[in-house]
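First up is the structure itself, then whatever we jot down about it.
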Amino acid sequence: MTDDYAHPPEDYWKDRAQTDDAQGVPILKPRKLSEIKAPPPTQWLAKGWIPYSEITVLVGEEGLGKSLAWVRWAAAITAGRPDPSVSLPSRKPRDVVVIVTEDNPGEVKARLTLAGANLDHIYLFSSEPDGTGNPVFGNAMNGDMATLDAYLAQEDIDAALVVVDAWVDTVAGSLTLKDSQQARQAMHPWKMLAQRHRLAVILMTHTNRMSTASTRDLMGSTAVLRQKARMVLFAARSPDDKESGGDYVWIGPDKSNVTGKADAVKYRLKIANVREATDDDPGTTACLDTYTRAHTNISNLIAEWKEQQDQAARPKTKQEQAQDAITAYMANYPNGCPTEDLKNHLEELGFGKTASENARKALGESGPAGFRQPFVYRLHSQTSYSDPISQEPMDSRNSRNSDTDRAVRLPSLPTLPRFLGNGSELGTFSPCLACGDPLDDDETDTHRECSLASAESA
């Protein structure tokens, strides 16, 4: 996997810097569109997932394991290896700057080590030697943001990515994120930082506790992130995964201003020992291991899961209850059961005629078990009906002209009465013992042709 998108065209940035130096500050004036040197098209750290010079927001429930996503991507970037799950190409190892507020720096180090990161390319931006001491960012390129900006400008730091986990914890207390205008102001310095150093910025945040299928509503008070960010990645867990213990996490682009939504990816959570276990410490940490790609985007998956949850919470109709009763009953009759017995069973359970009939039609069908036999009910998933007296297809010619070895032998037919009700002679009907077709008046037991064919074969 090669990287054709690592570095935007340099001429645009050089010309822009020269213009700023010559004029001191940008001049506001009308400009001919034909003379404007437009910025380069969006360049990608991970194509379709994480753009350069832009803000990417990764949002998901608290405790979901979404932090393991940036750990996986940072490990690949610092090791110079590709990550096909997000179309991250192979390129030379680059640096990643991390700001963590929720996880212990030691735990972050263990996760990155397990994921295979080159720790020499990981920079923890903090005020204390042990990695603690979080910075605070306001609405301008000053204070701690100016400090970070200065460090990124140094030649010994070649940052491709900056991660803030969690972003809300780093916002100055003077800014109220519920106010959309102030939230935009809080994000603006990150946009400027990403553009000045041509790197990717990932801001981590949590969803609210609303019961909704709308990813926009799930972002709650930080919904402005969706408006301001160029990319929004959503992390979620399906209802089945929650019931099974949460061994998987789904992540995918929920919004993109520059490309179509890529299909979601299902990561498997891997728990591994990274240090010696003690009574106080199990010595384990987690990482995102293998993955599979979904055939749709994360928005559709979340809507589908919400529908499943709503259906599960909705009281079942009488027909649905009857269908459950039929399924449980038929588990004891893999080859079908008498239809009347099933009807009586449903009646004993208190189901009316309409619910019983509709439920039976929805799940299966009834048919005769054989000639003059009672009807048998079978589920659609069970063996289909077989007619005990069915015959092989035959051509339009008289069967007496066909191969006698393939002739279908029918059971003996009853002898009809010799006389009709008015006294007229009816005669008798006798079948050929070889082919089953009616005998001519002057033939006995078998047709002449059948007898000759039998003699020749002998």
In terms of heavy-atom contacts, Leu346 and Ala322 come closest through CD2-O, 4.2 Å

Rounded to the nearest 0.5 Å, the CZ atom of Arg94 sits from the CG atom of Asn118 at a distance of 14.5 Å

Does atom CD of Glu276 have more than 12 heavy-atom neighbours from other groups under 6.0 Å away? no

Shortest non-hydrogen pair, Pro51 vs Thr42, comes out as CB-CG2, 3.8 Å

TODO: Kindly determine whether Trp167 and Leu177 satisfy side-chain contact (heavy atoms from CB on, under 4.5 Å), including the steps that lead there.
DONE: CA-CA 11 Å; Trp167 170 68; Leu177 295 182; 3.8 Å; yes

Q) Considering only heavy atoms from C-beta outward, does the side chain of Leu379 approach that of Ile326 to under 4.5 Å? A) yes

Heavy-atom side-chain proximity of Glu35 to Arg31 below 4.5 angstrom: no

Sorted by chain and residue number, the side-chain hydrogen bond (donor to acceptor under 3.5 Å, both in side chains) partners of Lys270 (sequence neighbours excluded) come out as none

Closest non-hydrogen atoms of Arg237 and Tyr248, given as atom of the first, atom of the second and distance, are NE-O, 3.1 Å

Shortest non-hydrogen pair, Leu301 vs Ala294, comes out as CD1-CB, 4.1 Å

Is the closest side-chain heavy-atom distance between Pro93 and Thr78 below 4.5 Å?
no

CG (Leu233) and CG (Leu203) are apart, to the nearest 0.5 Å, by 11.0 Å

TODO: Give a yes or no on whether a salt bridge exists between Glu54 and Lys191, defined as a side-chain N under 4.0 angstrom from a carboxylate O.
DONE: yes

Do Met141 and Arg196 come within less than 4.5 Å of each other through their side chains, counting heavy atoms only?
yes

For Arg275, the salt bridge (Lys or Arg N to Asp or Glu O under 4.0 Å) test, sequence neighbours excluded, returns Glu107, Asp281

### Message
Do Thr132 and Pro105 have side chains that approach each other closer than 4.5 Å (heavy atoms only, starting at C-beta)?
### Response
yes

Output for pair (Leu88 CG, Leu45 CG), nearest 0.5 Å, gives 5.5 Å

Just so I know, are the side chains of Leu119 and Thr113 near enough to count as touching, which here means a heavy-atom distance under 4.5 Å?
yes

dist Leu58:CG -> Met231:CE (nearest 0.5 Å) comes out at 10.5 Å

| request: Apply side-chain contact (heavy atoms from CB on, under 4.5 Å) to the pair Asn134 and Asp169, showing each step before the final yes or no. | output: CA-CA 9 Å; Asn134 301 321; Asp169 296 337; 5.8 Å; no

Here the ring pair (Phe, Tyr, Trp, His ring centres under 6.0 Å) pairs for residues 294-339, sequence neighbours left out, are Trp250-Trp305, Tyr329-Tyr333, Tyr329-His345

Tightest non-hydrogen contact, residues Asp263 and Asn297, listed as OD1-N, 4.1 Å

Ring pair (Phe, Tyr, Trp, His ring centres under 6.0 Å) pairs touching residues 64-103, sequence neighbours excluded, are none

*Determine whether Val97 and Leu199 make a side-chain contact, defined as any pair of heavy atoms from C-beta on separated by less than 4.5 Å.*
no

Separation between CH2 (Trp44) and CD1 (Ile50), nearest 0.5 Å, reads 9.5 Å

For this session: Report yes if the side chains of Asp149 and His197 come closer than 4.5 Å at any heavy-atom pair, otherwise no.
Result: yes

Considering residues, nucleotides and ligands other than Gln373, do more than 12 of their heavy atoms fall under 6.0 Å from its CD? yes

Discussion item. Pair Val249, Leu269 - check side-chain contact (heavy atoms from CB on, under 4.5 Å), show working.
Written reply: CA-CA 7 Å; Val249 59; Leu269 271 66; 3.6 Å; yes

Next on the checklist: More than 12 heavy atoms of other residues, nucleotides or ligands under 6.0 Å from CG of Asp156: yes or no?
Outcome noted: yes

With sequence neighbours left out, the residues meeting salt bridge (Lys or Arg N to Asp or Glu O under 4.0 Å) with Asp341 are none

Thr292/Val265 under side-chain contact (heavy atoms from CB on, under 4.5 Å): CA gap, chis, key distance, verdict:
CA-CA 6 Å; Thr292 55; Val265 173; over 6 Å; no

message: Determine whether Ser85 and Asp83 satisfy the following criterion, side-chain hydrogen bond (donor to acceptor under 3.5 Å, both in side chains), listing intermediate values before the conclusion.
response: CA-CA 5 Å; Ser85 70; Asp83 184 353; 2.7 Å; yes

Check your understanding: Does any N or O in the side chain of Arg91 come within less than 3.5 Å of the main-chain N or O of Ile77, such that one atom is a donor and the other an acceptor?
Key -> no

Residue pairs meeting ring pair (Phe, Tyr, Trp, His ring centres under 6.0 Å), one or both in residues 107-152, sequence neighbours left out, come to Phe137-Trp190

- Just by distance, with hydrogens left out, do Asp280 and Thr278 show a side-chain donor and acceptor under 3.5 Å apart? no

- request: Output yes when a side-chain donor or acceptor of Tyr377 lies under 3.5 Å from a complementary backbone atom of Gly364, and no otherwise.
  value: yes

Tightest non-hydrogen contact, residues Arg111 and Ser67, listed as NH1-CB, 4.1 Å

To the nearest 0.5 Å, atom CZ of Arg360 lies from atom CE of Met330 at 11.5 Å

